[in-house]
Student: 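Before anything else, here's the structure in question.
In the text below, chain A, chain B and the rest are named by the order of the sequence lines, each starting its count at 1. These numbers were taken from a predicted model, which means no experiment stands behind them.
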Protein chains: 2
Amino acid sequence: MDDMAETISEALPRDFEALRALILDRRQSLPKRIAQVAAYALDNPDEIAFGTAASIATSAGVQPSTLIRFAQHLGYDGFTSLQQVFRERLRERTTSYEERLTVVRGDADEGTSNRRIVDGFLAAASKSLDVMSRNLDDDTLDRAIDILNGAETIYILARRRSYPVASYIAYALGKLGVRSQLIESASGLSPEIISFASSRDAVIAISFSPYASATVEEARILSANNVPVIAITDSAFSPLAQFAKVWFEVAEADFGGFRSLAATMALAMGLTVGVAELRRGRKGKKSANSKG
Amino acid sequence: MDDMAETISEALPRDFEALRALILDRRQSLPKRIAQVAAYALDNPDEIAFGTAASIATSAGVQPSTLIRFAQHLGYDGFTSLQQVFRERLRERTTSYEERLTVVRGDADEGTSNRRIVDGFLAAASKSLDVMSRNLDDDTLDRAIDILNGAETIYILARRRSYPVASYIAYALGKLGVRSQLIESASGLSPEIISFASSRDAVIAISFSPYASATVEEARILSANNVPVIAITDSAFSPLAQFAKVWFEVAEADFGGFRSLAATMALAMGLTVGVAELRRGRKGKKSANSKG
DNA sequence: AATAAAATGAACCGTATGTTCCATTTTAGC
DNA sequence: GCTAAAATGGAACATACGGTTCATTTTATT
C-alpha cells in the first residue's frame, strides 16, 4: 500500500466540492465495483454521511470492504476519513430562515418585531424558491420557451398582485431586444391592444387566486383567437390553466396574508432570458454568473 | 426506570422542532448536569448529530453516561434514538440551488439549458435573501418604519428595474388601507404630484446603479422640501443615500446580467406590513404565518 | 442534623463497527 | 490460451462505541 503514497501527491479533498471533482475526474479509470460506489456516493451523499459502512454497502449493492477500497483509491486512509468530508458538507449549510425564525432560546424575542416581519417575508420567499426548484418541470419550461421564441410580439397579461411580475418581464424583454406589449388597465386601451394579437404572437398570462376577472377574460379572448397562452398560475383548476397551451403551477408561500413573488419572478426571468438566448442562436451560450 | 413510562405518555418528538420545544418546556425542571447537556445540545445540534457520545460528553463537560440519562429523561430509550432526531434535521435541509447548479454528474448537463437558466435565477434570489438576512440592521428598519408610520401619504418613487417593487408596495399599501401615491413617468404628472408632498408625508425611493435620473432628481426635490426620504439602494455612494433620512443597502445577486429583486421585495413588504401593524395600534400583534 | 432520595462520576461489559486478510474470480498482457 | 496482476467476496479480527452498573456525592425532607 505504500507504493500508492507517491502517486497521490495532490492534497486530498477536505471539502465536498473538491471531492466530487476528484471522483468525476477519475471515474473512467475506476474498477467496476469501485465506480459503482462512486456513483452511489455522489447520488446519495446524505447516506454516506449518516450510514454505517455495512448499511451503505448494502444500499449500494457492494461489500463493506469495497467502501474502504474506494476511500483508499482516492487517497484517504480509510472509510472514516472519507465520511468526514460528507459530514462537513452537511455542517456547512447555513441555517435556513425558517429555522432562524423559530430557533430562539427561551421565549424572549430576538430582534425587534419589525425584524421578525422582514424575516417572515424572507422565509416565505426562500420557501417559495425551494418549492419551485423541486416542482418545475423541464419539459414544460422548454415548451413554453419554444412557443415564446416563435412569437412576433409577446403580450403580457397581469393585474393587481401579479402586475409587478408583468412589468418586470416587460422591462427585461425590452432590454433584451424582444418585442413585447404590456397590457394594463390604466390606459383603458386593453381591448384594442388585444385585438391586434394573432396566432403568430404569444401571451404570458399571470394570475393567482382570487383571479383578476380582466386577466381571465382577456386570456379567454386571446386563446379563442388562436394566440398561444403561457399561463403562470397557482392551481390546475385555475381558469387560466384551461385557456393555456402551457401552464406553470407556482406555489408561493405567504406571510401575514401576503404571498411571496420570489418564485414567480425567478420563473419569469427564466422565460425571458431563455427566449433571448434562443434568439441569439445559442451563440454566446454561457451567460455570466455571479456565483462566488 | 419503569415508573417513568407512565409519566411520559405524550409521543416523543421525531423532528427537531418538536424536540427543541420539549427541551425548552422542561428546562426548569431538569437536574443541573442534564440541563447543561440540554443547553449544549440546542447550541450545538451539529455536534450531537455527528459526534460520538464520548466526544460530545467531553465538549459539553459532562460524563458520557449523562448523555444517555438526558435522552432517557426525555423519554428516548437511549442516546442513539435521540441522535437520530438531530441527524434527521440535517437530512431534511434541501440541497441549495448553488449546489444544484454545480452538482452535475460528469460533464453532461443535467436538465435542459433552460432549466439551468431558471436555476440560476433561483440561486441568485436565494443568495440575495441570504445576504439581506445577514446585513439588515434592526435599528435602521425600525427608524424607517417609524417615519413611514408618521406620514399622511407615502409616495413611492422608482423607475425601470425598480418599478416592479414600487408597484408591489403601492398594491400592498392599498390593500392595507394606507394612503399612498405611486409616482410613474407614464402619466407625465410626476412634477405636479411631487409638489403636493409636504413634511407630513414620506417617500420610499428605490434605485440601483445605474440610477434612473428621474428618481434621483425627484428624490432631491422632495428632500429639499423637507419630505423625509427612505431610500432603498445598493451603495453608500448612491446619490439616493445622501438625500435620504434613512437608507438601506441591498446587495442583490445577479444572473446573466439581471439582478434579482427578491431581497428588495422582501424588505419592501417588511416596510409595508410593518407600518400597517404599527397603525393597527399593535392590537393584533401576531400576524398569520403560513409556516408548515 | 439525620435520613431518604435523587443525581452524578467512573469503571465495566456486550456489541456493532471499521478494517484487514485471504481465497476466488476477473481482467490484462503476451 | 496461458500467466501475472488486479479486483472482488466474504469471513475473521481488533476496537471503539453506547449502555449498564454501582459506589459516591449532592439535594431535599423532616
Student: Just the rounded figure in Å: distance from C1' of C:dC21 to CD of A:Gln63.
Tutor: 14 Å
Student: D:dT27 P sits how many Å from B:Arg33 CZ, rounded?
Tutor: 11 Å
Student: Could you check whether A:Leu67 gets within reach of a base, just the sugar-phosphate, or nothing at all, counting any heavy atom under 4.0 Å?
Tutor: nothing
Student: Below 30° counts as parallel, above 60° as perpendicular, anything between as tilted: where do the rings of A:Phe255 and A:Phe121 land?
Tutor: perpendicular
Student: Is it true that a side-chain atom of A:Ser126 and a backbone atom of A:Leu122 form a donor plus acceptor pair closer than 3.5 Å?
Tutor: no
Student: How many Å lie between NE2 on A:His73 and C1' on D:dT8, as a whole number?
Tutor: 11 Å
Student: Taking CZ from A:Phe70 and P from D:dA7, how many angstroms apart are they, rounded to a whole number?
Tutor: 14 Å
Student: For B:Ala263, does its backbone N or O pair with a side-chain atom of B:Glu252 as donor and acceptor, under 3.5 Å?
Tutor: yes
Student: To the side chain of B:Thr80, which of C:dT17, D:dG19, C:dT8 is closest?
Tutor: D:dG19
Student: Taking only Lys NZ, Arg NE, NH1 and NH2, and the carboxylate oxygens of Asp or Glu, determine whether B:Asp142 and A:Arg115 approach each other closer than 4.0 Å.
Tutor: no
Student: Any salt bridge between A:Asp46 and B:Arg87, counting N to O under 4.0 Å?
Tutor: no
Student: Side chain of A:Gln83, backbone of A:Ile48: donor and acceptor closer than 3.5 Å?
Tutor: yes
Student: Between the protein and nucleotides 20-22 of chain D, which nitrogen or oxygen pairs are less than 3.5 angstrom apart?
Tutor:
| residue | atom | partner | partner atom | Å |
| --- | --- | --- | --- | --- |
| D:dT20 | OP2 | B:Gln72 | NE2 | 3.4 |

Student: Provide, to the nearest angstrom, the distance between the CD1 atom belonging to B:Ile56 and the P atom belonging to D:dG19.
Tutor: 11 Å
Student: Measure from the side chain of B:Phe79, starting at C-beta and using heavy atoms only, and say which of C:dT8, D:dT8, D:dG18 lies closest.
Tutor: D:dG18
